[in-house]
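Written out below as structure tokens is the structure these notes cover.
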There are 2 protein chains.
Amino acid sequence: MKFNIKDVAKKAGVSISTVSRVINESKVVRQETQEKVLKAIEELGYKPNAIARSLKIKNTKTIGIMIPDISNQFYPEVVRGVEDIANMYNYNIFLCNTDLDEEKEMKYFDVLAEKQVDGVILMGNIVSEELYTKIMFYNIPIILIGTDYENLPSVTIDNTKAAKSIVSYLIKKEHNRIGMITGKNYDPVVGVARLNGYKEALKENEMLFETELVVEGGYRFKSGYEGAKKLLSLSDRPTAIFVANDEMAIGAMRAALELNVKIPDELAIVGFDNIDMSEKFYPALTTVAQPMYEMGAIGMRVLTKILNEEAIETHKIVLNYSLLERESS
Amino acid sequence: MKFNIKDVAKKAGVSISTVSRVINESKVVRQETQEKVLKAIEELGYKPNAIARSLKIKNTKTIGIMIPDISNQFYPEVVRGVEDIANMYNYNIFLCNTDLDEEKEMKYFDVLAEKQVDGVILMGNIVSEELYTKIMFYNIPIILIGTDYENLPSVTIDNTKAAKSIVSYLIKKEHNRIGMITGKNYDPVVGVARLNGYKEALKENEMLFETELVVEGGYRFKSGYEGAKKLLSLSDRPTAIFVANDEMAIGAMRAALELNVKIPDELAIVGFDNIDMSEKFYPALTTVAQPMYEMGAIGMRVLTKILNEEAIETHKIVLNYSLLERESS
DNA sequence: TTGTAGGCGTTATCAT
DNA sequence: ATGATAACGCCTACAA
């Protein structure tokens with residue numbers, strides 16, 4: 001039930017090179033012959049073996065995408081962007097969940113290399129030195145999305161500026177005690193950057209940075225929930241909280257709602273990312289939107305360019321964020 | 001910078017067959033030789049080419065997974081289950097978003113076949129006859145998750161029974177006007193099944209099925225929102241609504257909240273699936289939990305068994321659902 | 001325009 | 001225990 005190029009050749013009464021030519025749409029083959037071959041292909045239900053092809057031509061039309069966890073709301077959207085563009089250029093994608101675990105990252109990278117992927121897309125908060133060494137060694141085209149490292153190509157947004165702008169927005173709305181629930185403080189490009197944006201906004205408006213107003217979170221719902229409970233138990237409560245990502249922000253809203261604190265009247269809450277859920281929650285969350293789908297799509301697009309060795313303007317792409325004012329502020 | 005088995009052989013001063021043996025952990029090679037080879041591999045940073053290997057041994061240790069849309073909340077969780085088990089058995093997965101589009105499904109299936117995947121996992125509401133023919137023709141091991149068709153292996157839950165049980169729960173709570181927002185009515189295994197469960201529960205309790213109480217939805221937030229608005233505008237409102245999936249249920253809750261209808265006091269809402277968001281929403285949604293992660297994990301596990309030609313008890317696996325009573329009812 | 005033959009990097013059979 | 005060699009299915013000079 002599985003035929004190869006030889007079978008087609010025999011059936012069509014031509015050589016295998018001719019069959020190969022029609023498969024690859026070489027212009028040189030005569031119309032008649034082409035039709036004969038096409039007919040044979042059709043009749044046998046023949047499909048070329050991409051593995052054999054890859055071995056010969058040394059590319060596989062597949063790329064690997066390493067992300068922390070597909071079941072974390074942030075990633076599906078960017079993966080979708082990647083996949084759409086990949087599909088458009090006839091690439092398939094290997095999905096790898098790393099859980100931010102360095103060992104898993106290393107292992108997956110090895111496997112992807114062995115499977116001869118043409119390139120890889122990497123997400124996660126930091127790239128370890130080990131991984132970087134490996135990347136350099138194998139010399140596989142790579143692009144980072146949502147993070148940045150050394151001279152590797154990347155697509156990101158300016159997290160500091162974005163954070164600063166949403167905190168400034170809060171200040172403009174007359175809030176003068178603004179709390180923050182941060183991300184991970186060992187993570188420079190997201191966690192620290194957003195915290196810095198918060199600090200900068202305060203400074204620019206001559207407001208004091210008070211340590212009791214900032215609590216470290218961990219990006220997940222629970223830490224937002226707990227962070228908010230902590231901030232709301234302060235004797236001198238904040239009137240607004242900037243939460244470093246939407247999932248935590250939703251946790252924070254939940255905490256406030258449970259305590260019967262009115263949003264936004266008694267407490268404004270703003271998030272970061274614009275995950276799907278943020279607009280569906282009630283009240284809908286004011287947030288800084290990262291263009292997640294676009295980050296994926298553009299990342300993949302750039303990767304195809306790199307793979308085709310097309311000229312590329314810059315290897316560090318910084319996309320625009322946007323402020324989405326909704327009901328929570 | 002890229003070496004092959006020949007380079008290793010030369011460097012170690014042995015033949016390529018020996019190198020191949022140590023790579024594949026053949027027992028016959030002498031300790032000393034093995035060490036020599038391992039050293040050469042190490043020094044060169046050699047990684048075997050999986051493509052060449054696959055061509056020879058006729059398996060690729062990769063499987064394809066076709067789902068409607070990874071950015072739809074339901075799928076990431078099952079994909080994660082699939083990937084975890086796949087990883088455990090050293091498989092990689094090609095992720096394919098079909099958008100429930102038959103053409104895309106056909107195209108992806110062809111590509112997966114050409115890339116010689118060892119098996120495929122298929123999700124989506126129906127499998128078209130065309131696709132089925134193709135599956136049979138290529139004879140690629142396949143397993144359906146969350147849907148079912150002919151004699152193909154599948155892992156599902158009993159949607160009718162689950163729907164019936166949650167509606168019965170509502171009835172037990174003294175609701176006697178229960179509305180429903182359905183899924184797609186052309187989709188037998190999910191849409192129709194859940195509607196049937198609703199009908200059965202009514203019947204069993206000698207309640208009338210009233211057409212004005214059921215509105216057709218489409219699984220997405222917006223249709224739940226609109227469906228609820230419609231039901232709430234009835235002169236004789238339902239006191240409870242069974243919504244065919246969580247995303248719509250959340251839309252329905254949003255509609256009620258906006259209209260200042262108290263949940264659950266004036267209106268109980270229950271959903272289906274138990275997506276991540278359902279417990280984070282306020283009020284948290286009462287729902288029938290599909291074991292999404294397990295469906296993925298078990299599906300993949302069964303697939304590995306099929307691939308290893310291990311005996312398999314049954315090809316139609318029906319998992320248990322569970323009722324999660326939360327705040328919305 | 002078409003065919004012949006070598007090779008892509010492995011594995012596996014058969015000798016040695 | 002090790003080595004030579006023929007596949008695996010395809011592409012691509014080169015020859016005809």
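Predicted, not measured: the structure shown is a model, and the values here were computed from it. Atoms considered below: every heavy atom in the structure, side chains included; atoms not considered: hydrogens, waters and symmetry mates.
- The distance from atom CD of B:E114 to atom P of D:dC8 is 20 Å, rounded to the nearest whole Å.
- Relative to the ring axis of A:Y138, B:K47 does not place its NZ or CZ within 45° and under 6.0 Å from the centre.
- With B:S128 contributing its side chain and B:E102 its backbone, the two residues share no donor-acceptor pair below 3.5 Å.
- For D:dG9, the OP1/OP2 oxygens have a side-chain nitrogen or oxygen of B:K58 closer than 4.0 Å.
- Salt bridge B:E35/B:K39: absent, no basic N to carboxylate O contact under 4.0 Å.
- Rounded to whole Å, atom P of C:dG7 lies 14 Å from atom CD1 of B:I16.
- For B:K56 against D:dA7, a side-chain N or O and a base N or O form a donor-acceptor pair under 3.5 Å.
- For the pair B:R30 and D:dA1, the criterion of a side-chain N or O lying under 4.0 Å from OP1 or OP2 is not met.
- At C:dT11, one or more side-chain N or O atoms of B:N24 fall inside 4.0 Å of OP1 or OP2 (strictly under the cut-off).
- Ion pairing of B:D99 with A:R80 is present here, as a side-chain N (NZ or NE/NH1/NH2) and a carboxylate O approach within less than 4.0 Å.
- Taking atom CD on B:E32 and atom P on D:dA1, their separation rounds to 12 Å, with Å as the unit.
- Between the C1' atom of C:dT10 and the CZ atom of A:R53 lies a distance of 20 Å, rounded to the nearest Å.
- Using cut-offs of 30° and 60° for the angle between ring planes, the B:Y149 and B:Y132 rings count as perpendicular.
- Within 4.0 Å of A:L55, counting heavy atoms only, lies at least one base atom of the nucleic acid.
- The residue among B:I57 and A:V29 whose nearest nucleotide of DNA chain C is located toward the 5' end is A:V29.
- B:I135 contributes atom CD1, which lies 6.0 Å from atom CG of B:L122 (distance to the nearest 0.5 angstrom).
- Between B:S20 and the phosphate of C:dT11, there is a side-chain N or O to OP1/OP2 separation shorter than 4.0 Å.
- Rounded to a whole Å, the NZ atom of A:K27 is 12 Å from the P atom of C:dT1.
- A:S17 comes within 4.0 angstrom of a nucleotide base, judged by non-hydrogen atoms across all strands.
- Nearer to the 5' terminus of DNA chain D, by closest-nucleotide assignment, is the contact made by B:Q31 (compared with the other of B:Q31 and A:I51).
- Within 4.0 Å of B:V28, counting heavy atoms only, lies at least one base atom of the nucleic acid.
- Not one side-chain nitrogen or oxygen of A:N49 sits closer than 4.0 Å to the OP1 or OP2 atom of D:dG9.
- As rounded to whole Å, 14 Å separates atom P of D:dG9 from atom CG of B:N59.
- The nearest whole Å value for the distance from the CD atom in B:Q34 to the C1' atom in D:dA1 is 13 Å.
- An OP1 or OP2 oxygen of C:dT2 is reached within less than 4.0 angstrom by no side-chain nitrogen or oxygen of A:T18.
- Note: CD (B:Q116) to P (D:dG9) measures 9 Å, nearest angstrom.
- Here A:S54 lies out of heavy-atom contact (under 4.0 Å) with every strand.
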